[in-house]
Amino acid sequence: MEKLSDSGLAASLLRLLLLALLCSLTPSSADDSPLQDLCPAAPQGEAKLFMNGFLCKTPSSVMASDFKTSRLNHAGDTDNFLRSSMNVVTAADFPGLNTQGLSMARTDLAMDGMVPPHSHPRASEMMFVSHGTVVAGFVDSGNRLFQRTLRDGDVFVFPRGLLHFCVNAGYGLATTFSVLNSQNPGVMSIAGAMFAPGSDVMERLVSRILSLKARNATTTVSSV
């Protein structure tokens with residue numbers, strides 16, 4: 001077997017180094033892993049610089065209360081055009097979430113209430129139906145609609161970055177709780193950004209989405 005020349009060996013090593021570099025640059029599916037056990041976010045008034053995330057509290061000042069929140073224990077106000085309320089809790093509101101790669105949300109839907117199409121650019125979402133009947137769905141990049149009717153105890157996953165929605169398909173209040181795999185998932189609402197809440201376009205969009213309630217619950221994939 002022939003020995004590699006110095007130039008051939010150098011080329012092989014260079015390829016290995018480039019491969020290792022590319023692997024290290026591959027984006028992960030969630031936030032970076034924490035480098036320590038605990039890192040509750042310091043009060044924002046104490047921050048002296050801008051960073052991707054929040055500064056940690058001094059370890060000696062960390063308390064059990066940093067890891068408990070009551071922000072999701074009461075229903076939101078559904079007396080609005082969409083008849084819905086969505087409350088997202090991130091590390092900015094709940095210090096114990098800092099560096100954990102998590103955020104949470106509560107959605108309350110009055111009868112015929114809905115959350116219009118939106119996406120989370122930095123997170124996937126897993127939604128749990130606490131009570132009520134909800135039609136939930138998302139649209140993929142191939143313009144296909146994935147939709148199911150959910151009831152008490154059901155769980156539905158919205159993949160990261162894809163437009164998704166939910167509609168109350170029952171006759172009373174529906175409530176869902178969600179976990180997202182980013183401490184700052186972001187929310188992009190195309191309809192809300194482009195059209196005023198009372199515009200004809202928004203009314204047609206709401207009517208179109210509400211009509212999805214009548215679809216057969218066994219239909220899992222269809223064209224938009």
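All figures in this text were calculated on a predicted structure; none of them were measured in a lab.
Using a 4.5 Å cut-off on side-chain heavy atoms (C-beta onward), V129 and F156 make no contact.
L109 and C166 get closest at one heavy-atom pair: CD1-SG, 4.1 Å. Closest non-hydrogen pair, G132 versus A174, comes out as CA-CB, 4.0 Å. N73 and S70 make their closest contact through OD1-O, 2.7 Å (heavy atoms, listed as atom of the first residue, atom of the second, distance). The two residues G76 and S85 have their closest heavy-atom pair at CA-OG, 3.3 Å. Shown here for H131 and L173, the closest heavy-atom pair between the two residues is CD2-O, 3.4 Å. The minimum heavy-atom distance between P116 and L82, with the atom names listed, is CD-CD1, 3.5 Å.
In this structure a side-chain-to-backbone donor-acceptor pair under 3.5 Å is missing from S119 to P121. Side chain of N98 to backbone of C39: a donor-acceptor contact under 3.5 angstrom is found. Not one N or O on the side chain of T58 forms a donor-acceptor pair closer than 3.5 Å with the backbone of S60. Checked by atom type and distance alone, the side chain of S84 pairs as donor or acceptor with a backbone atom of M114 at under 3.5 Å. Between the side chain of N168 and the backbone N or O of A110, at least one donor-acceptor pair lies under 3.5 Å. Distance alone, capped at 3.5 Å, is enough to place a donor-acceptor pair between the H120 side chain and the G186 backbone. The backbone N or O of R83 lies less than 3.5 Å from no partner atom in the side chain of D112, so there is not a single donor-acceptor pair. Using a distance-only test at 3.5 Å, with no hydrogens or angles considered, no donor-acceptor pair links the side chain of H164 to the main chain of P117.
The side-chain contact (heavy atoms from CB on, under 4.5 Å) test with L180 is passed by exactly one of R160, M126, E125: E125.
A continuous path of Ile, Leu, Val, Met, Phe, Trp and Tyr side chains, each step under 4.5 Å between heavy atoms, connects V89 with V179, placing both in one hydrophobic cluster. A continuous path of Ile, Leu, Val, Met, Phe, Trp and Tyr side chains, each step under 4.5 Å between heavy atoms, connects F81 with F165, placing both in one hydrophobic cluster. Each of L150 and V155 belongs to its own hydrophobic cluster when Ile, Leu, Val, Met, Phe, Trp and Tyr are linked at side-chain heavy-atom distances under 4.5 angstrom. Tracing side-chain contacts under 4.5 Å through hydrophobic residues (I, L, V, M, F, W, Y), one reaches F158 starting from L162; they form part of the same cluster. With hydrophobic clusters built from ILVMFWY side chains whose heavy atoms lie under 4.5 angstrom apart, V167 shares a cluster with V139.
Note that OG1 of T175 is 11.0 Å distant from CZ of F128, once rounded to the nearest 0.5 Å. Rounding to the nearest 0.5 Å gives a distance of 6.5 Å between CZ of F54 and CD of Q183. Atom NE2 in H74 sits 7.5 Å away from atom CZ in R106 (nearest 0.5 Å). Distance check: S189 OG to M86 CE gives 8.0 Å after rounding to the nearest 0.5 Å. The distance from the CZ atom of R148 to the CZ atom of F138 is 12.0 Å, given to the nearest 0.5 Å. In this structure, CG on D154 lies 9.0 Å from OG1 on T133, to the nearest 0.5 angstrom.
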Evaluate M104 against R71 for side chain to side chain contact (heavy atoms under 4.5 Å, CB included), listing each step before the verdict. CA-CA 10 Å; M104 304 174 297; R71 289 177 174 267; over 6 Å; no
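Counting heavy atoms of neighbouring residues, nucleotides and ligands inside a 6.0 Å radius, atom CG of D79 does not exceed 12 of them.
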